[in-house]
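Shown next, in structure tokens, is the structure this report addresses.
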Amino acid sequence: MMPGYGKVDAVLRSLNGATEISKEIRDANFILERLEMKQQLTDLAGYISVAKMELSLLQHSIEEKDQQLLRQAEALAYKGNIKRRGDGYYRTADNRPYGQPYCSYCWEHDQQLIHLHNRVLSNDIRICPHCKNEYQNARTPYIEADLLAV
Ligand SMILES: [Zn+2]
């Protein structure tokens with residue numbers, strides 16, 4: 001995202017610019033040279049289109065924040081049920097890890113639960129589809145939930 005854009009004060013600046021122009025037109029009692037009028041309208045349209053662009057950037061950044069909040073809420077809900085084992089994180093049942101490992105980098109870095117995948121043509125390496133970190137399969141095993149009952 002461009003710095004200085006998608007900010008409320010940037011939107012207000014553009015709208016103020018548009019307000020200034022309409023004030024100038026009004027102050028001239030709506031009597032302007034054709035060329036001057038054309039220039040004013042061009043500036044007015046410019047301010048409005050910048051405001052529109054800034055608003056859409058603002059909306060985008062609000063949506064990103066919403067996503068982030070959602071992830072954090074999810075992370076909090078999971079926190080007590082996620083446990084590290086070897087190089088991965090696992091869901092737990094009765095405080096014991098089971099199932100497919102989650103990427104420890106993604107969990108520790110931004111509370112995202114991303115399942116590790118086996119790397120194509122390799123049974124020894126797992127890879128995180130998100131951050132591309134690689135893990136040894138032996139350090140991130142699949143843990144059968146059934147074994148917990150034993
Ligand atoms: Zn990852």
Side-chain angles (χ1 to χ4, degrees), residues 1-26 37-150:
M1 186 177 293
M2 285 174 283
Y5 287 91
K7 297 260 194 312
V8 171
D9 59 346
V11 176
L12 290 178
R13 236 187 347 264
S14 294
L15 292 178
N16 280 338
T19 306
E20 279 302 307
I21 289 177
S22 50
K23 198 165 155 277
E24 278 170 34
I25 295 174
R26 205 170 43 242
M37 178 64 100
K38 202 175 159 195
Q39 184 57 50
Q40 298 279 43
L41 289 178
T42 303
D43 290 350
L44 193 59
Y47 278 124
I48 290 170
S49 86
V50 169
K52 275 166 84 177
M53 185 196 71
E54 283 159 349
L55 279 174
S56 87
L57 287 171
L58 194 58
Q59 184 181 14
H60 182 73
S61 96
I62 287 171
E63 282 166 1
E64 258 177 15
K65 290 267 182 287
D66 280 353
Q67 283 294 322
Q68 206 178 335
L69 282 175
L70 215 62
R71 272 212 309 276
Q72 281 168 355
E74 218 173 287
L76 271 178
Y78 272 123
K79 205 154 206 148
N81 299 318
I82 295 292
K83 204 169 194 176
R84 192 180 173 102
R85 160 77 70 91
D87 287 338
Y89 278 85
Y90 296 82
R91 303 181 83 147
T92 57
D94 294 332
N95 216 23
R96 297 212 260 173
Y98 74 94
Q100 293 286 359
Y102 293 107
C103 174
S104 57
Y105 177 84
C106 286
W107 174 249
E108 289 170 5
H109 190 252
D110 43 32
Q111 286 75 56
Q112 292 201 72
L113 288 173
I114 312 284
H115 276 127
L116 297 178
H117 294 186
N118 277 330
R119 201 168 70 179
V120 180
L121 300 179
S122 168
N123 288 322
D124 306 327
I125 304 292
R126 287 189 197 271
I127 185 164
C128 170
H130 183 66
C131 69
K132 309 295 178 204
N133 272 313
E134 294 185 345
Y135 297 88
Q136 286 178 47
N137 203 347
R139 301 273 303 158
T140 53
Y142 171 74
I143 303 172
E144 291 277 356
D146 291 344
L147 295 177
L148 296 175
V150 180

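Computed from a prediction, not measured in an experiment: that's the story for all the values here. Along the sequence shown, residues carry numbers from 1. Both ligands and their constituent atoms are indexed starting at 1 by order of listing. Computed from heavy atoms alone, side chains included, the values below leave out hydrogens, waters and symmetry copies.
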(request) List in chain and number order the residues that pass side-chain hydrogen bond (donor to acceptor under 3.5 Å, both in side chains) with Glu20, two or more places apart in sequence or in another chain; answer none if no residue qualifies. (result) none
(message) Around atom CD of Gln72, are there more than 12 heavy atoms from other residues, nucleotides or ligands closer than 6.0 Å?
(response) yes
(message) I want to check something: taking the side chain as every heavy atom from C-beta on, are Tyr102 and Gln112 in contact at a cut-off of under 4.5 Å?
(response) no
(request) Measuring from the Zn ion (ligand 1), count protein N/O/S atoms under 2.8 Å, please. (result) 4
(request) Identify, with sequence neighbours excluded, every residue that meets side chain to side chain contact (heavy atoms under 4.5 Å, CB included) alongside Glu108. (result) Arg84, Tyr89, Ser104
(request) Tell me, please, which residues at least two apart from His109 pass side chain to side chain contact (heavy atoms under 4.5 Å, CB included). (result) Tyr105
(request) Search all heavy atoms of Ala10 against all heavy atoms of Glu54 and return the closest pair with its distance. (result) O-OE1, 2.9 Å
